[in-house]
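Encoded as structure tokens, the structure appears first; notes follow it.
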Amino acid sequence: MVQDSQSAVQLQAVIEKAIAKVSELDIARPVAIVAEFPAHLPPVFAEEAAIVGALAEVLESLLSRTRRQEVRIRAQVTPAGPSRVEFQN
């Protein structure tokens, strides 16, 4: 059952907003954020602000801990199930 505060949310937009949110942070050293997702991800039913906030928190944590110059966020549609979002550093 979908709650009233939930709506169809485009994951591409959510990922881009989360990246923009953490891009404003003062990170000790530069780390590139690379987003990879297909052009046509299906929408998910969720509260957009909550998803953006959660993804931004995960990205912020990765950025503050990584020793690499790049963090990747990847979204994909899986054949037997829902879309999924992965983080890689």
Side-chain angles (χ1 to χ4, degrees):
M1 183 168 138
V2 176
Q3 295 181 4
D4 293 336
S5 62
Q6 296 181 342
S7 61
V9 175
Q10 296 298 323
L11 283 177
Q12 298 96 321
V14 167
I15 292 168
E16 290 168 358
K17 287 177 183 180
I19 291 171
K21 191 171 183 176
V22 297
S23 294
E24 298 170 357
L25 299 174
D26 185 22
I27 304 294
R29 58 189 168 71
V31 179
I33 302 172
V34 179
E36 299 174 346
F37 47 80
H40 300 291
L41 281 173
V44 295
F45 285 91
E47 191 174 329
E48 182 174 342
I51 293 178
V52 170
L55 285 177
E57 284 184 33
V58 171
L59 282 171
E60 182 179 353
S61 177
L62 286 172
L63 290 173
S64 66
R65 294 182 197 176
T66 189
R67 293 183 179 173
R68 298 179 185 215
Q69 296 178 342
E70 175 179 285
V71 170
R72 292 183 177 271
I73 179 170
R74 180 180 301 131
Q76 63 186 21
V77 178
T78 57
S83 299
R84 63 187 242 186
V85 176
E86 298 176 342
F87 296 91
Q88 178 183 34
N89 92 13

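This one's a predicted model, so the numbers in the text were calculated from it and none came from an experiment. When reading the values below, keep in mind they use all heavy atoms of this one structure, side chains included, and skip hydrogens, waters and symmetry mates.
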Separation between CZ of Arg72 and CD of Glu70, rounded to the nearest 0.5 Å: 4.0 Å

task: For residues 39-52, pull every pair meeting salt bridge (charged side-chain N to carboxylate O under 4.0 Å, His left out), keeping only residues two or more places apart or in separate chains.
output: Lys17-Glu48

field: Partner set under side-chain contact (heavy atoms from CB on, under 4.5 Å) for Pro38, not counting sequence neighbours
entry: Leu41

query: Where do Ala46 and Val9 come nearest, in terms of heavy atoms and distance?
result: O-CG2, 3.4 Å

field: All side-chain contact (heavy atoms from CB on, under 4.5 Å) counterparts of Glu60, not counting sequence neighbours
entry: Val22, Leu25

field: Ile33 and Leu63, any side-chain heavy atoms less than 4.5 Å apart
entry: yes

field: Nearest-0.5 Å distance, CD1 of residue Ile73 to CD1 of residue Ile19
entry: 6.0 Å

task: Please report the closest heavy-atom contact between Arg68 and Val31, naming both atoms and the distance.
output: O-CG2, 3.9 Å

For Glu57, side-chain contact (heavy atoms from CB on, under 4.5 Å) partners two or more places apart: none

message: For Gln10 versus Pro43, what's the shortest heavy-atom pair and its separation?
response: NE2-CB, 3.5 Å

query: Hey, are the side chains of Phe37 and Ile15 touching, using non-hydrogen atoms and a 4.5 Å cut-off?
result: yes

